[in-house]
Visitor: 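Okay, here's the structure, questions in a sec.
Because the structure is predicted, anything quoted here is derived from the model rather than measured.
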Amino acid sequence: QVLLVESGGGLVQAGGSLRLSCAVSGRTFSSYTMGWFRQAPGKEREFAAAIRWSGGNTYYLDSVKGRFTISRDSAKNTVYLQMNSLKPEDTAVYYCAAKTLTYDTRRYTGPEEYDYWGQGTQVTVSS
């Protein structure tokens, strides 16, 4: 069993920054892909960013590229999402997710592809 616990959400003005954290516990993670998704009211859950635990390869949703940075700290078993230059349209509940047994190189951007989810943390960006 894998447990994901997010933290770091809050209210920020447009142009501001937040850093989300996702503490990961359970099995070993070397084969994992870790993702951040977001869901705004009335909308479907949307991929934002992902990182391969082994190797650190990253990829992003086009609309957050250059503003968001995903990273992981293996010593702390924690994944981060640094969000800069936030916009009102970034307002959503942000979820951390884990996809186990990732041995290929393709990108995983669909929520149905992930095996474990955190409870979510609210990010609100005011204009």
Visitor: Using side-chain heavy atoms (C-beta onward) and a distance below 4.5 Å, is Tyr116 in contact with Val24?
Guide: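 No, every pair of side-chain atoms sits at 4.5 Å or beyond.
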Visitor: Quick one, Ile51 and Asn57 - any side-chain contact, counting heavy atoms below 4.5 Å?
Guide: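 No, every pair of side-chain atoms sits at 4.5 Å or beyond.
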Visitor: Checking Thr121 side chain against Gly9 main chain: does a donor-acceptor pair fall under 3.5 Å?
Guide: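 Side chain of Thr121 to backbone of Gly9, a donor-acceptor pair under 3.5 Å: yes, one is there.
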Visitor: Gln122 and Thr124: side-chain donor and acceptor closer than 3.5 Å?
Guide: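 Gln122 vs Thr124: donor-acceptor pair found between side chains.
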Visitor: Given side chains that start at C-beta, do those of Gln82 and Ser17 come closer than 4.5 Å, heavy atoms only?
Guide: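 Answer yes - side chains close enough.
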Visitor: Locate the shortest heavy-atom distance separating Pro111 from Trp117; write the atom from each residue and the value.
Guide: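 Answer, listing the atom of Pro111 first, then Trp117: O-CZ2, 3.4 Å.
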Visitor: Identify the two heavy atoms, one from Tyr60 and one from Phe68, that lie closest to each other, and give their separation to 0.1 Å.
Guide: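 Taking every non-hydrogen atom into account, CE2-O, 3.3 Å.
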Visitor: Indicate yes or no: at least one non-hydrogen side-chain atom of Gln13 is less than 4.5 angstrom from one of Val125.
Guide: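 With C-beta onward as the side chain, the pair stays apart.
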Visitor: Does Asp115 use its side chain to pair, donor to acceptor, with the backbone of Thr100 at less than 3.5 Å?
Guide: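 Answer holds: yes.
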Visitor: Does Arg107 come within less than 4.0 Å of Glu113, counting only side-chain N to carboxylate O?
Guide: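 Result for this pair is no, no salt bridge flagged.
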Visitor: Within the 4.5 Å heavy-atom criterion, are Thr91 and Val123 side-chain neighbours or not?
Guide: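 Contact flag for Thr91/Val123 side chains = no.
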Visitor: Examine Arg45 relative to Tyr95 and say whether NZ or CZ is less than 6.0 Å from the centre of the six-membered ring and inside a 45° cone about the ring axis.
Guide: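 So Arg45 does make the cation-pi contact.
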Visitor: Counting only N and O atoms by type, is there a donor-acceptor contact under 3.5 Å from the side chain of Glu6 to the main-chain atoms of Gln119?
Guide: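 Yes.
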Visitor: Do we get Arg19 above Tyr80's six-membered ring, with its NZ or CZ under 6.0 Å from the centre and within 45° of the axis?
Guide: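 Satisfied, under 6.0 Å and within 45°.
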Visitor: Mark yes or no for whether Thr78, through its side chain, and Lys76, through its backbone, hold a donor-acceptor pair below 3.5 Å.
Guide: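 Checked: pair present.
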Visitor: Between Trp36 and Cys22, which heavy-atom pair has the shortest distance, and what is it?
Guide: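 Result for this residue pair: CZ2-CB, 3.6 Å.
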Visitor: Any ion pair linking Asp62 and Lys65 (charged N to carboxylate O, less than 4.0 Å)?
Guide: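 Yes, charged N to carboxylate O under 4.0 Å.
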Visitor: Before giving the answer on side chain to side chain contact (heavy atoms under 4.5 Å, CB included), spell out for Tyr114 and Thr33 the whole-Å C-alpha distance, their side-chain angles and the decisive distance to 0.1 Å.
Guide: CA-CA 9 Å; Tyr114 286 74; Thr33 290; 3.6 Å; yes
Visitor: Hey, mind stepping through Trp53 and Ser74 against side chain to side chain contact (heavy atoms under 4.5 Å, CB included) and telling me if it holds?
Guide: CA-CA 8 Å; Trp53 197 279; Ser74 297; 3.5 Å; yes
Visitor: Quick check: closest heavy atoms across Cys96 and Met34, and the distance to 0.1 Å?
Guide: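 Looking at all heavy atoms of both residues, the closest pair is SG-CE, 3.8 Å.
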Visitor: Looking only at non-hydrogen atoms, find the nearest pair between Thr109 and Phe47 and report the distance.
Guide: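 What the structure gives for the nearest pair is O-CB, 3.2 Å.
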Visitor: Looking at Glu44, I want to see if its CD is surrounded by more than 12 non-hydrogen atoms of other residues, nucleotides or ligands under 6.0 Å.
Guide: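 No, CD of Glu44 has 12 or fewer neighbouring heavy atoms, counting only those of other groups under 6.0 Å.
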Visitor: Do the charged groups of Glu46 and Arg38 touch, with an N to O distance under 4.0 Å?
Guide: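 Result for this pair is yes, salt bridge flagged.
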Visitor: Indicate the atoms forming the closest heavy-atom contact of Ala14 with Ser127, along with that distance.
Guide: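 Heavy-atom minimum between the residues: CB-CA, 4.4 Å.
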Visitor: Please check if the side chain of Tyr59 supplies one atom and the backbone of Tyr108 the other of a donor-acceptor pair under 3.5 Å.
Guide: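 Yes, the answer is positive, given that a donor and an acceptor are paired below the 3.5 Å cut-off.
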